[in-house]
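Taking it in order: structure first as structure tokens, then the write-up.
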Amino acid sequence: MKDLGREIKVFAGNSNVEVAEEIAACMGKKLGDAVVGVFSDGEISVDINETVRGADIYIVQSTCEPVNNNLMELLIMIDAMKRASAGRITAVMPYYGYARQDRKTKARDPITAKLVANLITSAGANRVLSMDLHASQIQGYFDIPVDHLLGVPILGKYFHDLELEDVVVVSPDIGSVTRARNFAHILNVPIAIIDKRRPKANVSEIMNVIGDIRDKNVILVDDMIDTAGTITNAANALRDMGAKKVFACATHPVLSGNAINRIKDSAIEELVVLNTIPLKEEKRLDKIKVLSIAPIFAEAITRIYSNHSVSKLFTTSSR
């Protein structure tokens with residue numbers, strides 16, 4: 001792609017090389033030649049082994065586990081590209097870490113989502129491309145353009161093609177109602193809402209279900225699954241309340257702590273996730289289905305490069 005007078009190049013850090021290669025392949029390109037390693041004391045080293053002067057650069061890096069290392073890799077790669085006179089630098093972050101602390105809920109809380117936005121901007125990024133930010137308001141933490149992709153259309157198409165009957169889409173909490181409504185719109189089915197109380201971080205308790213789920217195939221929809229406490233508690237409660245089968249889907253499979261065992265022992269028939277975060281071998285289960293984000297990210301990058309609308313990729317958009 002040189003039709004706009006500048007070359008487009010895709011590079012990757014170490015967090016999600018496989019999806020970066022898929023994105024590049026969808027664009028008919030190979031990953032740029034860069035080596036991201038460490039010095040003997042643990043400091044991150046970056047070597048860019050090809051010219052990037054004047055090029056439109058896209059750095060694919062999810063800030064997933066190990067979060068701090070992956071974030072530093074991204075920042076150092078951005079700095080290296082800037083100092084090598086790249087024409088424009090876009091941080092492609094399928095998963096944006098540190099997003100859950102997006103506001104002050106009590107005195108002396110940090111707002112890490114804003115801090116990371118400042119770091120990325122200060123490093124030299126000109127643009128950010130991400131998917132399903134934990135809160136849409138995070139887009140406003142940047143003083144550079146942010147393109148916010150949605151995982152719901154990918155997940156919705158998968159379940160639409162299953163042709164399930166008697167389906168109800170369930171939001172696991174009040175905060176996910178909009179996402180559940182958009183998902184239900186794709187399938188043209190009703191929604192239900194779980195009213196829950198969270199006594200402390202990573203611990204949830206199911207309180208009530210608003211809506212009719214008895215003898216229905218229910219699909220739980222969320223943006224991320226971390227320790228899987230919320231999603232498995234919800235699935236077990238829905239089954240106990242008379243749901244026929246319980247499916248679940250989420251964009252980001254963080255799956256930390258005891259998540260895999262919880263999912264394995266839960267009422268979830270199938271959990272569908274996207275590969276915004278690479279699923280390690282020890283986290284793979286027969287009931288976990290992984291869908292690729294590569295085609296939609298490749299299309300978004302192509303549209304950004306050619307100055308075309310990204311929001312037209314979706315039937316619903318947060319922008």
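Keep in mind the model is a prediction, meaning the values are calculated, not measured.
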Show the nearest heavy-atom pair for residues [X] and [Y], with the distance to one decimal.
{"X": "Ala298", "Y": "Met27", "answer": "CB-CG, 3.6 Å"}
{"X": "Ile48", "Y": "Val52", "answer": "CG2-CG1, 4.0 Å"}
{"X": "Ala192", "Y": "Ile213", "answer": "CB-CG2, 3.9 Å"}
{"X": "Ala180", "Y": "Ser171", "answer": "CB-CB, 3.7 Å"}
{"X": "Ile263", "Y": "Ala228", "answer": "CG1-CB, 3.9 Å"}

*With sequence neighbours left out, what residues match Arg108 under salt bridge (charged side-chain N to carboxylate O under 4.0 Å, His left out)?*
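By the salt bridge (charged side-chain N to carboxylate O under 4.0 Å, His left out) rule, Arg108 matches no residue at all.
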*List for me each residue that meets salt bridge (charged side-chain N to carboxylate O under 4.0 Å, His left out) alongside Lys104, sequence neighbours excluded, and say none if there are none.*
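Testing Lys104 for salt bridge (charged side-chain N to carboxylate O under 4.0 Å, His left out), a comparison that skips the adjacent residues, returns none.
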Could you tell me whether the side chains of [X] and [Y] share a donor-acceptor contact shorter than 3.5 Å?
{"X": "Asn14", "Y": "Glu73", "answer": "yes"}
{"X": "Thr63", "Y": "Asn70", "answer": "no"}
{"X": "Asn118", "Y": "Thr121", "answer": "no"}
{"X": "Glu7", "Y": "Tyr305", "answer": "no"}
{"X": "Asn261", "Y": "Asn258", "answer": "yes"}
{"X": "Asn68", "Y": "Tyr98", "answer": "yes"}
{"X": "Thr251", "Y": "Asp132", "answer": "yes"}

_For residues 282-298, which residue pairs pass the side chain to side chain donor-acceptor pair (under 3.5 Å) check, not counting sequence neighbours?_
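Of all non-adjacent pairs touching residues 282-298, those that pass side chain to side chain donor-acceptor pair (under 3.5 Å) are Glu22-Ser292.
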*asked:* Suppose we screen for side chain to side chain contact (heavy atoms under 4.5 Å, CB included). Which residues come up paired with Thr51, at least two apart in sequence or across chains?
replied: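 Once residues adjacent in sequence are excluded, the partners of Thr51 under the side chain to side chain contact (heavy atoms under 4.5 Å, CB included) criterion are Lys9, Arg53.
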Hey, could you give me the [atom1]/[atom2] distance between [X] and [Y], rounded to the nearest 0.5 Å?
{"X": "Arg127", "Y": "Tyr58", "atom1": "CZ", "atom2": "OH", "value": "7.5 Å"}
{"X": "Ile219", "Y": "Ile268", "atom1": "CD1", "atom2": "CD1", "value": "12.5 Å"}
{"X": "Ile76", "Y": "Gln61", "atom1": "CD1", "atom2": "CD", "value": "10.5 Å"}
{"X": "Thr276", "Y": "Tyr96", "atom1": "OG1", "atom2": "OH", "value": "15.0 Å"}
{"X": "Asp223", "Y": "His252", "atom1": "CG", "atom2": "NE2", "value": "6.0 Å"}

Do [X] and [Y] make a side-chain contact, defined as non-hydrogen atoms from C-beta onward lying under 4.5 Å apart?
{"X": "Val254", "Y": "Ile225", "answer": "no"}
{"X": "Ile8", "Y": "Ile301", "answer": "yes"}
{"X": "Phe247", "Y": "Leu164", "answer": "yes"}
{"X": "Leu291", "Y": "Leu155", "answer": "yes"}
{"X": "Met131", "Y": "Met93", "answer": "no"}
{"X": "Asn208", "Y": "Ile194", "answer": "no"}
{"X": "Ile304", "Y": "Leu129", "answer": "yes"}
{"X": "Val116", "Y": "Tyr141", "answer": "no"}

Determine all donor-acceptor pairs shorter than 3.5 Å in which one atom belongs to a side chain in residues 34-43; sequence neighbours excluded.
{"from": "Asp41", "atom 1": "OD1", "to": "Glu43", "atom 2": "N", "distance (Å)": "3.1"}

Counting only pairs under 3.5 Å, give me each side-chain donor-acceptor contact of residues 239-246, with atom names and distances, residues two or more places apart or in other chains.
none

*asked:* Counting only heavy atoms not in Glu18 (residues, nucleotides, ligands), do more than 12 fall under 6.0 Å from its CD?
replied: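 For Glu18, atom CD is not crowded (no more than 12 foreign heavy atoms under 6.0 Å).
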_Electrostatic pair Arg103-Asp109, nearest N-O below 4.0 angstrom_ =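 Result for this pair is no, no salt bridge flagged.
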